[in-house]
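Chain letters run A, B, ... following the sequence lines, proteins first and then strands; every chain starts at 1.
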There are 2 protein chains.
Amino acid sequence: MAVDRRVARTRAALYDALVALILRKGYPAITVQDLLEEADVGRATFYAHFTSKEDLLARSLERVRDILAEAVSRTEGSWSIALFTHVAEFRPVYAALAGIAAGDVLRGAIRRVVAGFVAERLLPAPGIPAELQAQHVAGVFMTLLSWWLDRRPRLEPQAVDELFGRLLAGEVRLAF
Amino acid sequence: MAVDRRVARTRAALYDALVALILRKGYPAITVQDLLEEADVGRATFYAHFTSKEDLLARSLERVRDILAEAVSRTEGSWSIALFTHVAEFRPVYAALAGIAAGDVLRGAIRRVVAGFVAERLLPAPGIPAELQAQHVAGVFMTLLSWWLDRRPRLEPQAVDELFGRLLAGEVRLAF
DNA sequence: CACGATGCCGAACACGATGTTCGGTTATTG
DNA sequence: CAATAACCGAACATCGTGTTCGGCATCGTG
C-alpha cells in the first residue's frame with residue numbers, strides 16, 4: 001500500500017512552502033505560522049508530520065541530497081562539474097540556501113551532503129587524516145559555491161569547476 | 001571623561017554571561033532571560049545597552065577580533081601559528097564558538113575576522129579573483145579549526161599549522 | 001459502492017520569550 | 001554635596017510555540 005494521497009499532498013505543500021518562504025524572507029525569519037498560511041495547512045496537521053521547522057528543513061535536505069546524488073550519477077564527467085551545473089539550473093533556490101544573506105544555518109547541512117560525495121572519491125594523501133581531507137574538500141567547495149552565487153552569478157559552471165581545481169591544487173599563496 | 005563604571009560593569013557582566021552560557025548550553029538555546037539571570041542584570045538595563053542577543057554577540061565578536069589581532073601582532077612567526085596557539089590557550093571557549101555542537105551561526109562571524117587577516121597577506125595568483133582567494137584561505141582555516149577542536153583536541157598548534165600549510169599547498173587529491 | 005479508518009481542519013488553550021514603559025532607588029562624577 | 005546618569009523591578013501587550021479536541025472529508029479496502 002502506497003502513501004496516503006492526503007499525506008503526500010500535505011507534505012509536498014509544506015516542502016514547497018518552505019522553499020518559497022526561504023526565497024522570500026530567508027530561513028531564520030520563517031515561523032511555523034508562515035508555513036501554515038503559505039501551504040494552507042492546519043496547525044495541528046503540521047505538527048502531525050513534523051516536530052518543528054528545523055525538522056521540516058532536515059527532511060527537505062534529505063530530498064535535496066537525493067536529487068544531487070541522482071544528478072551526479074547521471075553524468076559522465078566529474079562529480080564537481082555535475083554539481084555546479086545542477087546548481088546553476090536552480091540558482092535562485094541554492095543562492096538562498098548557500099548565500100550569506102540567508103544565514104549560515106543551512107550551510108552546515110548542505111556541506112555535509114557534499115562531504116558525503118567527497119569521502120568516496122579521495123586519493124589518500126599520507127600524513128593527513130582522511131576525515132580532514134574530506135572536510136577540506138567539502139569546505140573549499142562550499143566557499144567557492146557561496147562566492148559564485150553571491151558575487152559572480154554569471155560565471156559559467158565550467159569556469160567555476162576550473163577554479164575549483166586550481167584552489168584544490170594549491171595555487172593560492174600567502175606571505176608569512 | 002571615561003566610561004561610567006556602572007556601564008562598564010554591566011557590559012562586562014553580559015559579555016561574561018554570554019560566554020558562560022555558550023559553554024553551558026550553546027548559543028542558539030540562549031534566551032535574553034538566561035542572560036539576565038546569569039549576569040544579574042535588569043531587563044530594562046539589557047535593552048538599554050543591546051537591542052537583542054544577536055547584537056550582544058556581534059559586539060562580543062568585535063572584542064574577539066581585537067584580541068586576536070593583538071595576539072598576532074605580538075608574535076614573531078607566521079600569523080596562522082599565532083592564531084592556532086592563541087586558540088589553544090582558550091580552547092573551551094573557541095570549541096564552543098567554532099564547533100559543530102554549538103551551531104553554525106557563529107562560524108560566519110569568526111570567519112569574517114580571519115578573512116580580514118588573510119586579505120592583507122595574499123600573494124595574488126593570476127586568474128583567481130583576490131576576494132575568492134581570501135575567502136578560500138579563511139575557509140580552509142575554519143575547516144581545519146573546527147576539525148581540530150572537534151576531533152583532535154590534543155594535537156599541538158604547530159602540528160595543526162603544518163597541516164594548514166599542506167592543505168593550502170594542494171596535497172589533497174581527488175579521483176574524478 | 002459502502003464502510004471503517006485515517007487524515008485534516010480550526011478553534012482554543014497554556015506557556016514562555018520578547019521588547020517597552022515608568023516611577024523609585026542607587027551609584028558616579030565633578 | 002548636589003546634579004546627573006544608570007539601574008532595578010514590575011507590569012504589560014504582543015507574538016510564536018506546541019498540544020488538545022470534536023467534527024468533517026477523504027482515502028483504501030472488502
Less than 4.0 Å between a side-chain N and a carboxylate O, is that true for A:Arg9 and A:Asp4?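 Between A:Arg9 and A:Asp4 there is no salt bridge, as every charged N stays at least 4.0 Å from the carboxylate O atoms.
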Should B:Asp34 and B:Arg24 count as an ion pair when the cut-off is N to O under 4.0 Å?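 Looking at B:Arg24 together with B:Asp34, the answer is no, because their closest N to O distance does not fall below 4.0 Å.
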Taking atom [atom2] of [N] as reference, at what distance in whole Å does atom [atom1] of [X] sit?
X: B:Leu36; N: D:dA11; atom1: CG; atom2: P; result: 16 Å
X: B:Phe46; N: C:dT21; atom1: CZ; atom2: P; result: 16 Å
X: B:Glu54; N: C:dG19; atom1: CD; atom2: C1'; result: 13 Å
X: A:Arg5; N: D:dT26; atom1: CZ; atom2: P; result: 12 Å
X: A:Leu56; N: D:dT17; atom1: CG; atom2: P; result: 12 Å

Side-chain donor/acceptor of A:Arg121 to backbone N/O of A:Phe117, under 3.5 Å: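 At least one qualifying donor-acceptor pair exists.
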Judged by atom type as modelled, is there a donor-acceptor pair below 3.5 Å linking the side chain of A:Lys53 to the main-chain atoms of A:Leu18?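 Looks like no, no N/O pair under 3.5 Å.
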Between protein and nucleic acid, restricted to nucleotides 8-18 of chain C and to nitrogen or oxygen atoms under 3.5 Å apart, what atom pairs and distances do you find?
| unit_1 | atom_1 | unit_2 | atom_2 | d |
| --- | --- | --- | --- | --- |
| C:dC8 | OP1 | A:Arg6 | O | 3.1 |
| C:dC8 | OP1 | A:Thr10 | OG1 | 2.6 |
| C:dC8 | OP1 | A:His49 | NE2 | 3.4 |
| C:dC8 | OP2 | A:His49 | NE2 | 2.8 |
| C:dC9 | OP2 | A:Gly42 | N | 2.8 |
| C:dC9 | OP2 | A:Thr45 | OG1 | 2.9 |
| C:dT18 | OP1 | B:Val32 | N | 3.1 |
| C:dT18 | OP2 | B:Val32 | N | 3.2 |
| C:dT18 | OP2 | B:Gln33 | N | 3.4 |

For B:Val172, the option from A:Val140, A:Leu168, A:Leu122 that meets side-chain contact (heavy atoms from CB on, under 4.5 Å):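 So the option named by the test is A:Leu122.
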Counting Watson-Crick and G-U wobble pairs only, both distances under 3.5 Å, name the nucleotide matched with D:dG30, or none.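 Pairing partner: C:dC1.
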What is the minimum heavy-atom distance between A:Thr75 and A:Ala82, and which atoms define it?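 Of all heavy-atom pairs spanning A:Thr75 and A:Ala82, the closest is OG1-CB, 3.6 Å.
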